[in-house]
Amino acid sequence: LVSLQRFILSIHMLDFINALAAAIGPSHVLTSPEAMRSHLVEPRGLFHARALAVVKPGNTEEVAAVVRLARQYHVPIVPQGGNTGLVGGGVPDDSGQAIVLSLTRMNRVRHVDADNDALTVEAGATLASVQEAARAANRLFPLSLASEGSCTIGGNIATNAGGTAVLSYGNMRDLVLGLEVVLADGRIWNGLRCLRKDNSGYALKHLFIGSEGTLGIVTTAALRLFPRPQSVETFWAGVSSPDQALALFRHLRAHFGSLLTAAELLPQTGLDMVLTHFPQTRAPLPAPHMWHILFEVSSPMRMDLRDILATVLEEALEKNLLENGVIAQSLAQREAFWLLREAMSEAQKHEGGSIKHDISVPISALPEMIRAGCEAALNVMPGCRPVPFGHVGDGNLHFNISQPIGMDKALFLKHWDVMNAAIHALVAELGGSAAAEHGVGRLKADIMRTLKQPQDVDMMRAIKNAFDPEGLLNPGTILSRES
Ligand SMILES: Cc1cc2nc3c(=O)[nH]c(=O)nc-3n(C[C@H](O)[C@H](O)[C@H](O)COP(=O)(O)OP(=O)(O)OC[C@H]3O[C@@H](n4cnc5c(N)ncnc54)[C@H](O)[C@@H]3O)c2cc1C
């Protein structure tokens with residue numbers, strides 16, 4: 001009986017695959033393991049994913065047709081963009097019953113409207129291509145991530161991506177004017193308006209932003225553009241402690257306001273890893289410092305920002321807000337500073353296992369988070385090497401813990417849950433978030449139940465049921481199946 005049931009099921013699924021092929025063309029429905037492979041691995045290699053097929057529709061109507069068919073055959077859908085997400089939300093589980101719906105064929109920038117400072121783009125366009133289209137129209141699209149060459153606008157929206165310019169321009173949520181979304185029942189919602197003000201009821205677009213593919217499939221977006229900066233200065237400071245880094249940040253923020261566009265904190269331990277594993281890099285300052293902070297100030301006006309910055313920094317030195325510092329003298333030096341920051345995660349890979357936390361706390365609580373977090377990590381695993389770094393101006397740290405030198409990697413990674421619990425307990429105590437910018441995905445779906453209030457989970461479940469009553473959109477992401 002079991003084998004008869006299996007046979008009927010496989011015939012049913014074969015019908016489904018054939019129907020998909022008829023709807024979007026056979027060459028856009030991948031079923032062989034080799035063709036699907038790159039869609040089933042994620043950057044951290046934490047999940048073993050399998051799929052019935054990877055489907056690549058070419059336009060919104062085809063996305064809608066795929067969703068309708070998946071509904072008819074009751075097949076779960078995992079939307080996928082560039083597959084650079086770090087929490088396992090863009091890949092299916094290992095049941096092999098879901099399809100991956102890849103948006104990468106929908107990659108056109110449809111319209112750049114410089115008069116309205118707006119740009120309309122399909123969800124599968126890479127972030128880098130959107131930045132480039134804005135630049136060509138003498139505008140800025142400010143979202144900036146190390147993965148920008150591969151991540152897509154749809155993925156950026158679905159994860160409410162952050163990055164290095166949040167301090168001045170906000171998260172992706174602040175950069176979206178309107179959306180077109182295919183709903184779970186296969187209807188197309190056209191919310192592609194470029195309005196700055198619209199209080200005509202619930203802000204529906206915001207439900208889709210940060211929903212990680214669980215409420216609908218983003219197919220097109222209207223995005224905000226900004227004037228291009230005409231003056232940019234980059235500054236690297238060595239400081240003795242996170243307290244001093246924060247004091248320096250406050251000093252710069254008080255002088256530059258929203259012209260302070262980036263503030264990135266790095267520990268000397270992390271910088272040493274970058275300098276060791278990236279031979280082309282150089283330490284920006286002659287001597288080591290316990291901590292480093294990378295600042296950028298920029299203005300849409302042509303002005304002598306460097307002179308102003310030098311004066312502000314002289315004052316900071318007099319007030320003992322830094323130990324040493326250097327302003328980048330050329331574009332090449334600016335890029336060299338940024339490479340040190342961007343290589344931080346990659347460098348840790350060369351040091352063996354790394355247990356990750358993507359946390360945020362109120363900015364004033366950052367020094368305590370770092371002090372107590374390092375202590376907690378060392379209690380869990382003596383000899384481990386905490387490397388907390390990140391967007392200090394947003395209170396967002398990638399609190400990564402590298403394994404003790406010489407320890408077996410697999411053995412170290414077995415401490416993932418207990419290390420997470422120790423760090424997340426502190427985050428909760430300090431009023432922070434354990435999913436600051438990468439989202440929840442499948443990686444953190446279970447722990448969200450313990451870290452969120454029951455009221456949060458109830459409201460989220462109610463929204464999910466209203467948008468996707470059959471639970472076919474990215475099941476197991478954000479809300480674990482049990483919650
Ligand atoms: C080197 C590196 C650096 C990174 N730096 C940052 C950083 O600074 N800040 C930051 O926020 N993130 C960062 N990330 C994480 C990642 O790049 C972002 O989360 C990015 O926004 C994901 O885009 P993607 O197209 O790759 O989405 P995917 O990884 O394909 O998917 C991510 C999630 O979005 C959903 N999704 C994708 N497309 C759609 C769509 N069209 N409609 C509905 N749901 C969709 C997926 O189902 C999944 O849940 C980094 C990643 C790497 C590898």
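Remember, it's a predicted structure, so these values are computed and weren't measured experimentally. Read the numbers this way: they start at 1 and go in the same order the structure lists the ligands and their atoms. Throughout, residue positions are numbered sequentially from 1 according to the sequence presented.
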Under 3.5 Å side-chain donor-acceptor pair for Gln268 and His289: no
message: We want to know whether Thr261 and Glu296 form a side-chain donor-acceptor pair, criterion being a heavy-atom distance below 3.5 angstrom.
response: no
Measure the distance from [atom] to every protein heavy atom, then report the residue, atom name and distance (to 0.1 Å) of the closest one.
atom: atom 46 (C) of ligand 1; value: Pro79 O, 3.1 Å
atom: atom 28 (P) of ligand 1; value: Asn83 N, 3.6 Å
atom: atom 1 (C) of ligand 1; value: Ala146 CB, 4.1 Å
atom: atom 35 (C) of ligand 1; value: Ala158 CB, 3.6 Å

Need the ligand 1 atom indices (1-based, order shown) with element for anything under 4.0 Å from a heavy-atom of [X].
X: Gly162; result: 9 (N), 10 (C), 11 (O)
X: His438; result: 10 (C), 12 (N), 13 (C)
X: Gly216; result: 43 (C)
X: Gly163; result: 8 (O), 9 (N)

message: Using a plain distance cutoff, I'd like to know if Ser144 has any nitrogen or oxygen under 3.5 Å from a nitrogen or oxygen of ligand 1.
response: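 Ser144 vs ligand 1: no N/O contact under 3.5 Å.
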task: Consider every N or O of Thr477 and every N or O of ligand 1, then say whether any pair is closer than 3.5 Å.
output: no
